[in-house]
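Only one structure is covered here, and it is reproduced in the block below.
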Amino acid sequence: METEILRGDGLGVTRAGELLRSGGVVAIPTETVYGLAADALDPDAVAKIFAAKERPADNPLIVHITELEQWGPLVESVPEEALRLAEAFWPGPLTVILKKSAAVPLITSGGLDTIGVRCPSHPLARAVIEAAGRPLAAPSANRSGRPSPTTFGHTLEDLWGRVDAVLDGGSCRVGVESTVVSLAGETPRLLRPGGVTEEQLRAVLGRLEVDPAVTGGLAPGAAAASPGMKYRHYAPKARLELLDGSPEQFADYVNKAEGAYALAYEEMLPLLTVPAVSFGGRFDHAAQARELFGALHWLDELGAERAFAPLPSRRGVGLAVYNRLARAAAFRITRLPGPWVVGLVGPSGAGKSTVAAGLARRGYAVINCDRLTRSPGVYDRACLEALCRAFGPEVAPDGALDRRELARRAFRDGASVKRLNEITFPPIVRAIRREIARLGGQCGPVLLDAPTLFEAGLDSLCARILAVTAPEEVRARRIAARDGLSEGQITERFRAQMPGGFYEERAGFVIENGEGADLPAQLDRAQSVLEGRP
Ligand code: TXA
Ligand code: MG
């Protein structure tokens, strides 16, 4: 079959519309991944999608529309919960499954009595649906079993000679396929995580079940709620394995593994001596989602036979990344050897120390970094000399540190604080490493209570990061009661700290410790993070 290459402009869209109206198959960009489109209501056209992808006939397709009015004819009814989802997330990366109407042929729904409908936001996808003048069935535009294509090039690579045309829309913004939620059962059910997060769905629906296949493999013989989940998916050619531990432990392990390639967060690249492909920063889930499938393609291009990736966080869009990577790795997940360190962070007044004390009472090893910096011997001679050069000899008269004087001079302005940190962080980090080595050997997990975890680069020692947060008013009241500070002083202190959201964005787990929080329940949660449970 000859494949036309269409530019992502008016002419290209018109031609795509023509081909689709006459029963053709055209690969088009969407905001999630490229899709392979055909007239959803024409069984012969839909059959061409299955043939081009070599897709099993029982794996249903998603139908794409541009307006709410186009939904009704495709389904038995549109319940109120569905309208709420559409209102909140359409156009965008969300597919809603409902009981289908007789208008939708069984080949489109893979033989099921339900149909997934999605209203994409990508301007080219919308223009093509409008030009075709009908709802378009479109699975991801990859050959079955391959990673979904997020670029024009990858789409061509998989479908050249197998489809009527491919429309060039550059790279996809979201990078993982849409979130799939089913409203066809008793309770709304998340079948596939994507750009719309579990947390966002809960906020709109109030109730949500998460299908076990989202985070785990399907047990042999078990029926899949979403047929796509039973197929080998997102598979690179390499044997991929996920490693659970800190970035440093990851690098140590992979650097020693024979013939290994790494799929790693950007921050890990300097630590790695093996060939590595990055997919976003450790704390930037959106970038991870956007870059993941491209990175899997790179592993193939490099000829990797054995590759390792870090086990992603499951928070927010992270859950979608976790889901795709775990599948690409066929759920091979290994806990790395060495001390298991959990970083504890949070703004002042949130109750970090209360959580740390509670965990210490439950028998866990806790390193209190503030206390450690005050212990004698942490600041060695070289460090004291550097402090004197930077802030004047008065900060360490007769070779003994005068902490008050140092604080007075160093906390004057941002530049001075930065200088102070540059001088003091290295010896502090060395002391913390010694302490971890001492504790981690025997005591199991170690909680690292470190207010400046990220600034000091200590996050690279942590397998998990746990944040304790509370609303600003609550924190202000607690600080006023505890430290007897005035309103002005509290405002000042808040301003000197990281902006709101800083810790939540970076933590894999967040404990909301507002007024009336249930401490024992929170400690249970923190304990399960320390134990490395999901
Ligand atoms: O972002 C996306 O959703 C992309 C773009 C092109 O829109 N499409 C996409 O389609 O990812 P596909 O076919 O590759 O994945 C659809 C997934 C499959 O796992 C399928 O089994 C599931 O959704 N699915 C579709 N209809 C379903 C239904 N009626 N019941 C349960 N699962 C369904
Ligand atoms: Mg697919």
Side-chain angles (χ1 to χ4, degrees), residues 25-38 40 46 49-50 52-66 74-76 89-101 104 106-122 124-126 128-129 135-150 154-155 158-159 167 169 172-185 189-196 211 213-214 218 223-235 289 293 320 323-324 327-328:
V25 276
V26 180
I28 60 167
T30 83
E31 70 277 22
T32 56
V33 300
Y34 275 73
L36 181 55
V46 170
I49 294 179
F50 283 92
K53 279 184 57 106
E54 296 171 37
R55 181 178 175 105
D58 66 350
N59 197 357
L61 306 183
I62 292 173
V63 177
H64 297 68
I65 59 175
T66 52
L74 301 171
V75 292
E76 267 184 5
F89 305 115
W90 279 1
L94 177 72
T95 297
V96 180
I97 292 175
L98 290 169
K99 283 268 187 311
K100 80 173 192 68
S101 73
V104 179
L106 277 172
I107 183 172
T108 305
S109 67
L112 298 178
D113 63 353
T114 55
I115 191 73
V117 175
R118 156 162 135 76
C119 176
S121 63
H122 195 293
L124 283 174
R126 297 181 66 80
V128 171
I129 298 167
L136 297 179
S140 50
N142 51 293
R143 298 267 282 277
S144 246
R146 301 260 300 144
S148 295
T150 52
H154 292 157
T155 309
D158 267 27
L159 296 179
L167 180 68
C172 301
R173 178 177 59 81
V174 178
V176 291
E177 310 86 341
S178 62
T179 301
V180 177
V181 63
S182 173
L183 297 182
R189 199 173 179 81
L190 176 64
L191 299 184
R192 180 175 75 182
V196 172
D211 197 272
V214 165
L218 202 61
S226 177
M229 291 193 192
K230 74 184 174 205
Y231 297 108
R232 187 173 147 80
H233 234 192
Y234 315 114
F293 288 137
N323 169 277
R324 305 310 189 275
R327 260 153 226 286

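Both counts, for ligands and for their atoms, begin at 1 and track the order of listing.
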Applying side-chain hydrogen bond (donor to acceptor under 3.5 Å, both in side chains), name anything that partners R126, two or more places apart in sequence or on another chain.
-> none
What about E177: any of its N or O atoms under 3.5 Å from an N or O on ligand 1?
-> no
Residues in salt bridge (Lys or Arg N to Asp or Glu O under 4.0 Å) with R173, at least two apart?
-> none
Using atom types as modelled and distance alone, determine if a side-chain donor or acceptor of T114 lies under 3.5 Å from a backbone N or O of K99.
-> no
Ignoring hydrogens and geometry, is there a side-chain-to-backbone donor-acceptor pair from Y34 to G169 under 3.5 Å?
-> yes
Short list, please: which atoms of ligand 1 are under 4.0 Å from a heavy atom of [X]?
| X | result |
| --- | --- |
| N59 | 18 (C), 20 (C), 21 (O) |
| A138 | 6 (C), 8 (N), 10 (O) |
| S140 | 8 (N), 9 (C), 10 (O), 12 (P), 14 (O) |
| G35 | 6 (C) |
| T114 | 28 (C), 29 (N), 30 (N) |

In terms of side-chain heavy atoms, does S178 have a donor or acceptor partner in T95 at a distance below 3.5 Å?
-> yes
Strictly under 2.8 Å, is any N, O or S atom of S140 next to the Mg ion (ligand 2)?
-> yes
R324 side chain reached by E177 side chain, heavy atoms, under 4.5 Å | yes
Which bit of I97 is near ligand 1, meaning a heavy atom under 4.0 Å away: side chain, backbone, both or neither?
-> side chain
Give the contacting part of R55 toward ligand 1: side chain, backbone, both or neither, where contact means a heavy-atom distance below 4.0 Å.
-> side chain
